[in-house]
Amino acid sequence: MNEKLLIGFTGDVMIGRGVDAAISTNGYTYPWGNLLPLLSSTDLNVINLETTLTNSSSEVFKTFNFKASPDKVECLKLAHIHIANIANNHILDFSESGFYETLRTLDLAGIKYTGAGNNEIEAAKPLLSINKNIRIVIFGFTDNEPGWKAEPGKCGVNFIDIANTQDRKSALHQVETFKTHADVVIISLHWGPNLKEAPGPKHIHFAHQLVDHGATIIHGHSAHNFQGLEVYKGKLILYDTGDFVDDYVVNAELKNDHSFFYMVTMQKNNIIEIKLVPVLISNCQVNYATGDDKNWCLHRIQQLSAKFGTTITNEGLVVTEKRSFANNNLNV
């Protein structure tokens with residue numbers, strides 16, 4: 001049976017700091033506002049976990065350090081979060097003790113993760129999953145915090161310098177090696193600088209290379225604001241998915257409190273629908289965006305994506321070859 005698989009993608013999920021306090025006051029479902037039914041409607045949800053889950057006080061020296069108490073993993077469970085990328089610039093905010101407690105907490109909750117580990121082999125190892133008879137491979141990478149790169153005998157992240165030829169070759173080789181074992185290859189990338197309207201040329205080039213070597217979906221994040229998306233050779237590149245829940249200061253121009261829940265329907269290795277659901281973060285909580293906020297989200301993503309030749313309808317459906325994926329049912 002050629003079953004359909006619905007995958008949900010979010011940007012950064014930062015349930016630490018002020019969000020952690022809001023959860024303690026209002027309960028575990030609080031961060032998700034009115035989105036819990038939507039989050040429960042998918043077969044698989046993939047996030048970037050932008051915090052540690054720890055009681056550690058071993059704070060490393062940096063500008064922002066995020067942690068939520070380990071019990072807050074219940075929030076992720078209630079939101080049907082299945083997979084977390086942890087290759088990012090916050091997973092070691094509270095040193096090795098915070099890192100290992102976060103991994104134990106996710107393990108005990110049954111939430112799978114990718115992109116960091118006990119050593120370089122574990123950090124680079126992709127996550128393998130089978131859902132509705134569709135085989136999925138998920139890689140986690142980051143170009144943030146080079147000092148946190150996992151090494152033999154040293155825990156850390158799956159770091160990549162995309163300006164480095166050897167780093168790119170190594171990543172592309174990994175993707176090419178594992179694509180034979182999967183129907184869907186997802187690359188979750190915490191990359192690029194904060195608050196940038198569009199990806200840089202090297203990011204675009206590398207995303208194209210990843211698709212050329214077997215990637216099905218590029219799940220980008222790190223900028224804290226959403227960027228345009230591209231359908232390249234029938235595969236999906238989400239250059240940056242922005243933020244999904246946090247307590248961050250809002251940039252008046254880029255409006256990092258506005259974003260989407262990205263829903264991708266697969267049939268084996270074919271993408272048959274891409275739908276964007278506008279969301280808005282306020283008071284440490286995400287909800288459906290409505291009215292002017294919804295219209296701004298859709299108009300903005302339409303503008304940004306048009307630069308990649310991608311058209312998005314006012315209903316949030318991605319259109320290619322003058323037809324939406326919803327009406328296409330074929331890979332393009």
Side-chain angles (χ1 to χ4, degrees), residues 7-13 46-48 50 85 143 162 186-211 215-246 248-264 271 273-281 286 288-326 332:
I7 309 174
F9 293 92
T10 80
D12 294 349
V13 171
V46 182
I47 69 167
N48 176 61
E50 186 85 341
N85 172 73
D143 67 358
I162 64 173
I186 298 171
I187 314 294
S188 194
L189 276 161
H190 202 67
W191 62 348
N194 291 350
L195 299 174
K196 293 293 182 181
E197 179 180 85
K202 65 181 180 181
H203 298 87
I204 296 170
H205 177 63
F206 184 52
H208 289 178
Q209 284 187 310
L210 286 167
V211 171
T216 314
I217 300 170
I218 310 295
H219 172 223
H221 32 83
S222 183
H224 296 301
N225 54 274
F226 65 81
Q227 297 175 346
L229 64 87
E230 180 179 12
V231 177
Y232 173 74
K233 296 184 177 179
K235 310 306 179 185
L236 176 61
I237 303 173
L238 303 171
Y239 283 104
D240 204 292
T241 47
D243 295 335
F244 195 67
V245 65
D246 58 48
Y248 300 156
V249 173
V250 178
N251 180 284
E253 180 183 354
L254 296 174
K255 295 188 178 182
N256 48 299
D257 55 341
H258 292 61
S259 192
F260 298 94
F261 184 54
Y262 299 80
M263 305 177 73
V264 183
I271 297 173
E273 180 178 286
I274 304 168
K275 184 175 183 180
L276 280 54
V277 179
V279 299
L280 179 69
I281 306 165
V286 62
Y288 283 104
T290 59
D292 290 343
D293 292 313
K294 177 181 179 180
N295 292 335
W296 186 90
C297 287
L298 289 167
H299 181 63
R300 178 75 168 175
I301 196 70
Q302 287 167 341
Q303 285 184 316
L304 295 173
S305 300
K307 298 174 183 178
F308 298 105
T310 305
T311 300
I312 301 171
T313 72
N314 291 334
E315 291 72 42
L317 289 170
V318 174
V319 177
T320 60
E321 296 183 349
K322 298 182 180 180
R323 293 180 296 175
S324 73
F325 273 107
V332 296

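Numbers here are sequence positions counted from 1.
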**Report entry** Check against side-chain contact (heavy atoms from CB on, under 4.5 Å), Phe9 and Ile186
**Finding:** CA-CA 11 Å; Phe9 293 92; Ile186 298 171; 3.9 Å; yes
Requested in this report: Kindly indicate, with the supporting measurements, whether the criterion side-chain contact (heavy atoms from CB on, under 4.5 Å) is fulfilled by Leu189 and Ile162.
Outcome: CA-CA 11 Å; Leu189 276 161; Ile162 64 173; 5.6 Å; no
Query - Verdict with supporting geometry, Asn85 and Val46, side-chain contact (heavy atoms from CB on, under 4.5 Å) - result: CA-CA 8 Å; Asn85 172 73; Val46 182; 5.8 Å; no
Requested in this report: With side-chain contact (heavy atoms from CB on, under 4.5 Å) as the test, would you mind laying out the steps for Arg300 and Phe226 before giving the verdict?
Outcome: CA-CA 9 Å; Arg300 178 75 168 175; Phe226 65 81; 3.5 Å; yes
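Inter-residue side-chain proximity for Leu229 and Ile312 is flagged as met; some heavy-atom pair is nearer than 4.5 Å.
The CG atom of Asp246 lies 4.0 Å from the CD1 atom of Ile281; values are rounded to the nearest 0.5 Å. Rounded to the nearest 0.5 angstrom, Met263 CE and Glu273 CD are separated by 8.0 Å. The CD1 atom of Ile301 sits 5.0 Å away from the CZ atom of Phe260 when rounded to the nearest 0.5 Å. Atoms CD1 and OH, on Ile237 and Tyr232 in that order, are 7.5 Å from each other to the nearest 0.5 Å. Here the CG atom belonging to Leu236 is positioned 9.5 Å from the OH atom belonging to Tyr262, to the nearest 0.5 angstrom. Here the CD-NZ distance, from Glu253 to Lys255, works out to 10.5 Å after rounding to the nearest 0.5 Å.
Screening residues 221-231 for side chain to side chain donor-acceptor pair (under 3.5 Å), with sequence neighbours left out, gives Asp12-His224, Ser188-His221, His190-His221, His208-Glu230, His224-Asp243, Glu230-Tyr239.
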N/O donor to acceptor pairs below 3.5 angstrom from side-chain atoms of residues 288-299, sequence neighbours left out:
| unit_1 | atom_1 | unit_2 | atom_2 | d |
| --- | --- | --- | --- | --- |
| Asp293 | OD1 | His258 | NE2 | 2.9 |
| Asn295 | ND2 | Gly291 | O | 3.4 |
| His299 | NE2 | Gln303 | NE2 | 3.4 |

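In this structure, the side chain of His219 engages the main chain of Thr10 through a donor-acceptor pair within 3.5 Å. Side-chain atoms of Thr311 never come within 3.5 Å of backbone atoms of Val319 as a donor-acceptor pair (strictly under, hydrogens ignored). Side-chain N or O atoms of Asn256 include one that pairs as donor or acceptor with a backbone N or O of Asn251 at under 3.5 Å.
When each of Thr310, Leu276, Val231, Val318 is tested with Ser305 by the rule side-chain contact (heavy atoms from CB on, under 4.5 Å), just one qualifies, namely Thr310.
When all heavy atoms are compared, the tightest approach of Trp191 to Asp143 is CA-OD1, 3.1 Å. Residue Glu315 comes nearest to Lys275 through the heavy atom pair O-CE, 4.1 Å, listed as atom of the first residue, atom of the second, then distance. Considering every non-hydrogen atom in both Gly234 and Ile271, the closest pair reads O-CD1, 3.8 Å.
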